[in-house]
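Reading through the structure tokens given below for one structure.
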Amino acid sequence: MREEFTSYATGDVELFQDFLERSDILEQDKIAMLEAIAKNGSDECLEVWLGREAPLLESRAGQHAWGTMAAVGH
């Protein structure tokens with residue numbers, strides 16, 4: 001993930017929604033964000049994302065993020 005986006009991966013839902021509103025995020029940024037929020041157990045952020053961009057969460061990276069969170073008890 002690009003350094004400028006790391007501040008959005010804190011688990012704060014409102015801050016995360018700001019990330020989703022940006023027009024300069026690339027597909028690899030989205031995948032990196034999925035990985036970061038899964039590692040942090042930010043299930044609320046994934047739920048918000050599901051409502052906005054379901055196809056990404058249905059991708060392999062999205063399924064992996066859900067699996068990661070389930071594996072660590074979130």
For side chain to side chain contact (heavy atoms under 4.5 Å, CB included), just list the numbers for D24 and E4, CA-CA rounded to whole Å, side-chain angles, deciding distance to a tenth of an Å, and then say yes or no.
CA-CA 11 Å; D24 60 340; E4 63 192 278; 3.7 Å; yes
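- Between the OG atom of S42 and the CG atom of D12 there is a distance of 9.5 Å, given to the nearest 0.5 Å.
- Cluster annotation: I31 is not connected to F16 through the hydrophobic network of ILVMFWY side chains, with a link wherever side-chain heavy atoms come within less than 4.5 Å.
- Taken together through direct or relayed side-chain contacts under 4.5 Å among Ile, Leu, Val, Met, Phe, Trp and Tyr, L34 and L26 form parts of separate hydrophobic clusters.
- Of the possible polar contacts, one joining the N40 side chain to the A9 backbone as a donor-acceptor pair under 3.5 Å is found.
- In this structure, the separation between CE on M33 and OH on Y8 is 8.5 Å, given to the nearest 0.5 Å.
- The two residues V13 and C45 have their closest heavy-atom pair at CA-SG, 4.3 Å.
- The heavy-atom pair separating F19 from I25 by the smallest distance is CE1-CG2, 3.3 Å.
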